[in-house]
Amino acid sequence: MYPRSEHNISRTQISDNALKVLYRLKKEGFDAYLVGGCVRDLLLGREPKDFDVVTDADPEEIRKIFRNCRLIGRRFRLAHVHFGREVIEVATFRGEGAEQSDKQMLDKEGRLLRDNVYGTIEEDVWRRDFTVNALYYNIKDYSVVDYVGGMADHKAGILRLIGDPETRFREDPVRMLRAVRFAAKLGFNLHPDCQKAIHATASLLDSIPSARLYDEMLKLFFGGNSLQTFEMLRHYGLFQVLFPATEKSLAVEEEGFPKQFLIRALQNADNRIAEGKTVTAYFLLAAFMWEPVQMLAKDMLKKDMPEYMAFQEAANQALSKQIKIVAMPKHITTAMREVWGLQPKFNARVGSKPSRLLTHPRFRAGYDFLLLRAETGSVDPELAEWWTRYHQADENEQRKMTQPARNTQKKSGFKRNYRRTAQKSPKETQ
Ligand code: ATP
Ligand code: MG
């Protein structure tokens with residue numbers, strides 16, 4: 001036990017609503033602790049994403065205490081206490097039976113034994129994943145309770161699994177993704193035993209339901225450390241389980257370009273998050289899948305399929321395989337297709353097409369995607385610059401920019417076409 005004088009968690013860092021819940025439980029005679037990621041983050045002086053509370057009150061007792069409370073979950077019930085938009089999750093300590101299947105929960109007569117679903121803090125601690133995630137902040141005396149050496153690991157910046165690493169990863173392979181996510185987010189190192197176990201069990205990730213992997217994937221790549229996370233996932237052979245086609249496409253380097261594109265997209269995402277901007281899932285996922293789609297389309301073009309059909313078919317094939325592993329919702333894949341579909345349209349710079357493109361609901365995403373391609377050499381930067389000027393220009397200028405060049409054959413390349421237009425337009429060269 002670390003008394004208040006031996007740690008740096010102060011109540012001013014804790015959300016008022018979480019404090020209300022803790023104090024209320026205490027007043028009713030129950031034990032109440034903060035646990036998990038919030039304690040870990042508070043010890044680092046970081047603002048936690050959310051606050052999780054554990055108590056010895058059972059869910060029915062919790063419900064009686066809080067009016068603004070909803071119980072969720074079937075076998076293991078949790079309480080959500082609502083304060084406007086903030087939700088404080090309140091869980092009862094888990095007992096040894098909490099992880100077992102319902103079958104194991106039956107007695108000789110086949111009756112359901114519910115008693116050992118809920119337990120004590122000493123039982124609750126062992127089901128948690130990492131030692132630094134198993135620290136309890138006690139509202140009674142503001143101490144931190146540590147059964148597993150989590151404080152020492154926290155100070156040393158080590159992610160160590162509680163118990164035998166391989167067994168814990170086999171129990172729940174998603175813990176491997178959590179290991180990488182926390183390492184990247186906190187700047188911690190994986191304990192050598194944990195690293196070894198990941199190499200041994202990485203392939204087990206493919207047994208995880210695709211919907212759960214989608215949720216985890218969002219946490220991995222939209223937390224502001226996506227580039228480092230990506231590199232670690234690749235290092236441990238986890239990325240290839242999540243995005244096999246992307247991993248394969250990264251092995252094929254065209255003057256180093258394919259690799260740069262995704263890296264740039266991830267860097268951009270991290271920068272945006274650092275600036276407090278949002279990153280849309282479909283944009284980054286479109287970047288993930290761009291190379292595999294391109295490669296598939298190239299194969300189809302070799303088989304004499306028309307270009308437009310080849311890209312659509314490539315997108316269909318790539319997405320239908322990918323969603324079996326990571327279940328991307330339909331609205332996401334639709335938007336990804338739109339971003340891809342806009343790319344060839346940016347080549348048209350004369351006539352009414354450019355102004356129509358501006359009104360496309362995905363213009364901004366498509367344009368950002370074009371910029372990324374230009375930055376990494378897969379598109380002429382001059383084309384991206386043209387669109388930058390064009391979408392910022394007033395209507396008059398826009399009209400001038402899209403005027404067909406005189407003396408130019410209609411079928412001539414857009415680039416040549418554009419250069420002549422630019423030379424002839426005095427406004428352009430100013
Ligand atoms: P975050 O900052 O992402 O919220 P977190 O550690 O709080 O990180 P949660 O998913 O909110 O992660 O889980 C809260 C706590 O529940 C964890 O700290 C850990 O103790 C426990 N936990 C969550 N998922 C698992 C798991 N798959 N296996 C074991 N313990 C888990
Ligand atoms: Mg949490």
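Not measured: the values here are computed from a predicted model.
Between the side chain of N225 and the backbone N or O of Q228 there is no donor-acceptor pair closer than 3.5 Å. The main-chain N or O of L372 is found under 3.5 Å from a side-chain atom of T376 such that the two form a donor-acceptor pair. Under the 3.5 Å distance criterion, the side-chain polar atoms of N8 are matched with a main-chain donor or acceptor of L43. Side-chain atoms of T402 come within 3.5 Å of backbone atoms of Q398 as a donor-acceptor pair (strictly under, hydrogens ignored). Formation of a donor-acceptor pair under 3.5 Å by the W340 side chain with backbone atoms of A315 is not found in this model. In this structure a side-chain-to-backbone donor-acceptor pair under 3.5 Å is missing from T92 to D56. In this structure a side-chain-to-backbone donor-acceptor pair under 3.5 Å is present from T246 to F288. In this structure, H82 contributes its side chain and G84 its backbone to no donor-acceptor pair below 3.5 Å.
Between L301 and E307, the closest heavy-atom pair is CD2-CA, 3.6 Å. Contact detail for F51 and C38: the closest heavy-atom pair is CD2-CB, 3.9 Å. Minimum interatomic distance between P165 and A197 (heavy atoms only, all atoms of both residues): CB-CB, 3.7 Å.
Under the 4.0 Å criterion applied to side-chain N and carboxylate O atoms, R362 and D368 are not assigned as salt-bridge partners. The pair R94-E123 does not count as a salt bridge, with every side-chain nitrogen at least 4.0 angstrom from each carboxylate oxygen. With salt bridges taken as basic N to acidic carboxylate O contacts below 4.0 Å, none links K64 and E61.
In the model, S15 has no side-chain atom that pairs as donor or acceptor with a side-chain atom of N17 under 3.5 Å. With 3.5 Å as the limit, one finds a donor-acceptor pair spanning the side chains of N316 and R337. In summary, the side chains of N133 and R40 do present a donor paired with an acceptor at a separation below 3.5 Å, with no hydrogens or angles considered. A donor-acceptor contact closer than 3.5 angstrom links the side chains of T12 and S10. With 3.5 Å as the limit, one finds a donor-acceptor pair spanning the side chains of T131 and D153. Side chains of D270 and S226: a donor on one and an acceptor on the other come within 3.5 Å.
When the shell of 6.0 Å around CD of E28 is examined, it contains more than 12 heavy atoms from other residues, nucleotides or ligands. Within a 6.0 Å sphere centred on CG of D16, heavy atoms belonging to other residues, nucleotides or ligands number 12 at most. Within 6.0 Å of CZ in R70 there are 12 or fewer heavy atoms belonging to other residues, nucleotides or ligands. Within 6.0 Å of CD in Q392 there are more than 12 heavy atoms belonging to other residues, nucleotides or ligands. Surrounding CG of D304 are at most 12 heavy atoms belonging to other residues, nucleotides or ligands under 6.0 Å away.
The CG atom of L186 sits 6.5 Å away from the CG atom of L159 when rounded to the nearest 0.5 Å. Note that CG of L19 is 11.0 Å distant from CD of Q13, once rounded to the nearest 0.5 Å. The distance from the CG atom of D193 to the CD1 atom of I198 is 11.5 Å, given to the nearest 0.5 Å. In this structure, D141 CG and M1 CE are separated by 5.0 Å, a value rounded to the nearest 0.5 Å. If you take CD on E385 and OG1 on T388, they are separated by 7.0 Å, rounding to the nearest 0.5 Å. Taking CZ from R272 and CD from Q267, the interatomic distance works out to 14.5 Å, rounded to the nearest 0.5 Å.
Between L42 and V39, every side-chain heavy-atom pair lies at or beyond the 4.5 Å cut-off. Side-chain contact between I332 and L285 is present, with at least one heavy-atom pair separated by less than 4.5 Å. Here the side chains of V148 and L135 are not in contact, with every heavy-atom distance at 4.5 Å or above. Residues Q294 and F311 are in side-chain contact: their nearest non-hydrogen atoms beyond the backbone lie under 4.5 Å apart. Considering only heavy atoms from C-beta on, Y282 stays 4.5 Å or farther from E338 through its side chain. A 4.5 Å side-chain heavy-atom check between R77 and I72 finds every atom pair outside the cut-off. Side-chain contact check for K353 versus R356: some heavy-atom pair is nearer than 4.5 Å. Contact of the V279 side chain with the F221 side chain is not registered, since no non-hydrogen atoms from C-beta on lie closer than 4.5 Å.
Taking the six-membered ring where the residue is Trp, the centroids of F346 and Y367 are separated by 6.0 Å or more. Aromatic pair Y147/W126: centroids not less than 6.0 angstrom apart. If you look at F261 and F369, their ring centroids are closer than 6.0 Å. Here H154 and F188 bring their ring centres to under 6.0 angstrom of each other. With ring centers used as reference points, Y33 lies 6.0 Å or more from Y137.
Between Y142 and Y23, the ring-plane angle classifies as perpendicular under the 30° and 60° cut-offs. Taking the six-membered ring where tryptophan is involved, the planes of W387 and Y390 are perpendicular, since the angle between them exceeds 60° and thus also 30°. Taking the six-membered ring for Trp and thresholds of 30 and 60 degrees, F239 and F230 have ring planes more than 60 degrees apart, a perpendicular arrangement.
Applying the side-chain hydrogen bond (donor to acceptor under 3.5 Å, both in side chains) test to R170 and every residue at least two apart in sequence or in another chain returns E166. Applying the salt bridge (charged side-chain N to carboxylate O under 4.0 Å, His left out) test to K324 and every residue at least two apart in sequence or in another chain returns nothing.
Judged by the 6.0 Å distance and 45° axis criteria, R178 is not positioned over the aromatic ring of F130. For the pair R127 and F93, the NZ or CZ position fails the cation-pi test of under 6.0 Å to the six-membered ring centre and within 45 degrees of the ring normal.
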Please test E47 against D41 for side-chain contact (heavy atoms from CB on, under 4.5 Å), starting from the C-alpha separation and ending with a verdict. CA-CA 7 Å; E47 192 188 336; D41 293 349; over 6 Å; no

Passes side-chain contact (heavy atoms from CB on, under 4.5 Å), Q343 versus L370? Steps please. CA-CA 7 Å; Q343 298 311 303; L370 178 78; 3.7 Å; yes

Please walk me through it: do R168 and D172 pass salt bridge (charged side-chain N to carboxylate O under 4.0 Å, His left out)? CA-CA 6 Å; R168 300 307 308 280; D172 181 5; over 6 Å; no

For L250 and R234: C-alpha separation, side-chain torsions, deciding distance, then whether side-chain contact (heavy atoms from CB on, under 4.5 Å) applies. CA-CA 11 Å; L250 290 168; R234 289 193 77 201; 3.6 Å; yes

Check the pair L161, C194 against side-chain contact (heavy atoms from CB on, under 4.5 Å), reporting the backbone distance first and the verdict last. CA-CA 7 Å; L161 278 156; C194 175; 4.2 Å; yes

As a quick check of understanding, evaluate salt bridge (charged side-chain N to carboxylate O under 4.0 Å, His left out) for R128 and E171, giving each step before the final call. CA-CA 12 Å; R128 299 192 176 269; E171 276 171 12; over 6 Å; no

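Exactly one residue among D146, V125, V144, L34 makes a side chain to side chain contact (heavy atoms under 4.5 Å, CB included) with Y136. That residue is V125.
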